[in-house]
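Below you'll find the structure, written out as structure tokens, and then a few comments.
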Amino acid sequence: MKAIDSRIKRQFPENSQYRTAFVWRFMQYIRERFPLGAYLPLILLFSFAAWSFSAIAGERLVLPGIFRFFAVTVSVLGFFLQLRIADEFKDFDIDSRFRPHRAVPRGLVTLAELKWVSRAAGAVQFIAAIAVDERLLVLLLADWGYMGLMNNEFFARRWLRSHLVAYLVSHMLIMPLIALYASAFEWLPANEPPASSLLLFLLASFAAGLVIEIGRKLRAPDEEREGVETYSQLWGHAHATRTWSACCAGLAGLVTIAGHATAAPAGAAIFGAVMLLLATGCARRFTREASPAHARHIEHASGGIVALAYIALGPLALVLASWEVLL
């Protein structure tokens, strides 16, 4: 905590313009709470995979144009930024009490300012949808509607907070909805319905969301803090690790099955096996020794496993499917 406070003081001296100019304060907020170095590569992979899988499943082996790929990427980026901002609202009371060093409780940015950022992101999403195909607005509104329910915790906050699995599943359902919207940038302008096998990509996106969410909330016993809910604290580190492993196995299995829909079964199976081996190795180490280092390995492995999944379902699948057509 002291290290964080000293860093903040160095970056934000009392009379610095950083404390008054919103653009600089927001840039610092992004570095702390929405680091693009971690989010953007996965968002790019996710967006390209959604396009590629939809195109392959619909037997339309075409690459997205630069404008359309930019539109889908900024739209997906907007969704995840809006989800981050929504969490700031939901967690403000707890953060103010137990994590006052975080950006919003310490006053780096305000909730009112973040609300305007979320609206600006929505405006960008709206313009992107209109520019590509106005029919995308139906799916965009559906995703916004579900996010609104999430923000209000489905008007059952107390019940959901006492039923963690239901809370986790209900919130992770946003992932296949975002995946469906991203894929629609491919199939909707083509005036085609989504292919039935696209369901595999939606399920994989749901599993990927579980892998990331659980993986980032596994902690060593020495790292657990009062007021900070983690799955290792709520379920015990052994059970939480097994649950994370099961989600990784489910994702690997879905990637392998989806390989048959993309005419790249061998490549998908290899990627699925690598994902499974990586998850098993990290889980075993953390189960044997629940150390901070092993907890970080699981968090980093979560991102790596999800990246492998989207590479298998996107770039790899598109290359192999195109190669098969050429042969």
Could you give me the CA-CA distance, side-chain angles and deciding distance for Ser205 and Ile178, then say whether side-chain contact (heavy atoms from CB on, under 4.5 Å) is met?
-> CA-CA 9 Å; Ser205 297; Ile178 295 175; over 6 Å; no
With salt bridge (Lys or Arg N to Asp or Glu O under 4.0 Å) as the test, would you mind laying out the steps for Glu299 and Lys217 before giving the verdict?
-> CA-CA 8 Å; Glu299 183 175 5; Lys217 292 185 179 180; over 6 Å; no
I would like to know whether Gln28 and Arg31 meet side chain to side chain donor-acceptor pair (under 3.5 Å); could you show each step before the answer?
-> CA-CA 5 Å; Gln28 178 62 22; Arg31 283 193 289 269; 2.8 Å; yes
Decide side-chain contact (heavy atoms from CB on, under 4.5 Å) for Leu137 and Trp144; before the verdict, give the C-alpha distance in whole Å, the side-chain angles of both, and the deciding distance to 0.1 Å.
-> CA-CA 10 Å; Leu137 290 177; Trp144 282 348; over 6 Å; no
Derivation of the side-chain contact (heavy atoms from CB on, under 4.5 Å) call for Val72 and Phe69 | CA-CA 5 Å; Val72 66; Phe69 184 65; 4.1 Å; yes
Please walk me through it: do Asp95 and Asp91 pass side-chain contact (heavy atoms from CB on, under 4.5 Å)?
-> CA-CA 6 Å; Asp95 285 347; Asp91 298 339; 3.7 Å; yes
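A 4.5 Å side-chain heavy-atom check between Glu113 and Phe26 finds every atom pair outside the cut-off. Side-chain contact between Leu36 and Leu77 is present, with at least one heavy-atom pair separated by less than 4.5 Å. Side-chain contact between Leu111 and Glu88 is present, with at least one heavy-atom pair separated by less than 4.5 Å. Inter-residue side-chain proximity for Cys247 and Ile214 is flagged as met; some heavy-atom pair is nearer than 4.5 Å. The shortest side-chain heavy-atom distance between Trp244 and Leu210 does not fall under the 4.5 Å cut-off. Side-chain contact check for Arg106 versus His101: every heavy-atom pair is 4.5 Å or farther apart. A 4.5 Å side-chain heavy-atom check between Leu81 and Ile30 finds at least one atom pair inside the cut-off. Using a 4.5 Å heavy-atom threshold, the side chains of Leu114 and Thr110 count as separate.
The CZ atom of Phe89 sits 8.0 Å away from atom CD1 of Ile85, with the distance rounded to the nearest 0.5 Å. Taking CH2 of Trp51 as the start and CD of Glu186 as the end, the distance is 5.5 Å to the nearest 0.5 Å. The structure places CG of Leu83 at 9.0 Å from OG of Ser118, a figure rounded to the nearest 0.5 Å. To the nearest 0.5 Å, atom OG of residue Ser291 and atom CZ of residue Phe286 are 7.5 Å apart. Between the NE2 atom in His163 and the CG atom in Leu160 there is a gap of 9.0 Å [rounded to 0.5 Å]. With rounding to the nearest 0.5 Å, the separation of CG in Leu313 from CG in Leu318 is 12.0 Å.
Counting all heavy atoms, side chain and backbone alike, Val132 lies closest to Pro189 at CG1-CG, 4.0 Å. The minimum heavy-atom distance between Thr256 and Ala268, with the atom names listed, is OG1-O, 3.9 Å. Nearest heavy atom pair, residue Trp187 against residue Arg60, reads CB-NH2, 3.5 Å. For the residue pair Arg25 and Val109, the shortest heavy atom distance occurs at NH1-CA, 3.8 Å. Across all non-hydrogen atoms, the minimal contact from Glu213 to Tyr231 is OE2-OH, 3.3 Å. Leu198 and Ser183 get closest at one heavy-atom pair: CD2-OG, 3.4 Å.
At a threshold of 4.0 Å, the pair Arg158-Glu153 does not count as salt-bridged, since none of the basic side-chain nitrogens sits closer than that to a carboxylate oxygen. A salt bridge is absent between Arg102 and Glu32: the closest approach of a Lys/Arg side-chain nitrogen to an acidic carboxylate oxygen does not fall below 4.0 angstrom. Salt bridge Arg285/Glu289: absent, no basic N to carboxylate O contact under 4.0 Å.
One N or O on the side chain of Asn152 and one on the backbone of Gly148 form a donor-acceptor pair closer than 3.5 Å. At distances below 3.5 Å, not a single donor-acceptor pair connects side-chain atoms of Ser54 with backbone N or O atoms of Ala50. No donor-acceptor pair under 3.5 Å is formed between the side chain of Ser47 and the backbone N or O of Leu44. Counting only distance, with no hydrogens or angles, the side chain of Ser162 and the backbone of Trp159 share a donor-acceptor pair below 3.5 Å.
Between Tyr181 and Phe79, the ring planes lie perpendicular to each other; the angle is over 60°, past the 30° to 60° tilted range. Classification of the His171-Tyr167 ring pair by plane angle, with boundaries at 30° and 60°, yields parallel. The aromatic rings of His297 and His294 sit tilted relative to each other, their planes meeting at an angle between 30° and 60°.
Taking the six-membered ring where the residue is Trp, the centroids of Phe34 and Tyr29 are separated by 6.0 Å or more.
Cluster annotation: Trp24 is not connected to Trp116 through the hydrophobic network of ILVMFWY side chains, with a link wherever side-chain heavy atoms come within less than 4.5 Å. Val165 and Met172 fall within the same hydrophobic cluster, where Ile, Leu, Val, Met, Phe, Trp and Tyr residues are linked whenever their side-chain heavy atoms come under 4.5 Å apart, directly or through other members. Ile127 and Phe67 fall into different hydrophobic clusters, where Ile, Leu, Val, Met, Phe, Trp and Tyr side chains are chained together by heavy-atom contacts under 4.5 Å. There is no path of hydrophobic side-chain contacts, each under 4.5 Å, that joins Val138 to Leu188. Under the 4.5 Å side-chain heavy-atom criterion for Ile, Leu, Val, Met, Phe, Trp and Tyr, Phe154 and Leu168 are members of the same hydrophobic cluster.
Counting heavy-atom neighbours within 6.0 Å of Phe126 CZ, excluding the residue itself, gives a total of 12 or less. Few gaps surround CD on Glu192; more than 12 heavy atoms of other groups in view lie less than 6.0 Å from it. Residue Arg119 places its CZ atom among more than 12 non-hydrogen atoms of other residues, nucleotides or ligands, all under 6.0 Å distant.
Each of Phe46, Phe48, Phe201 was checked for a ring pair (Phe, Tyr, Trp, His ring centres under 6.0 Å) with Phe53, and the lone residue meeting it is Phe201. For the pairing with Thr230, the side chain to side chain donor-acceptor pair (under 3.5 Å) check across Arg225, Glu224, Glu223 returns one residue only, Glu224.
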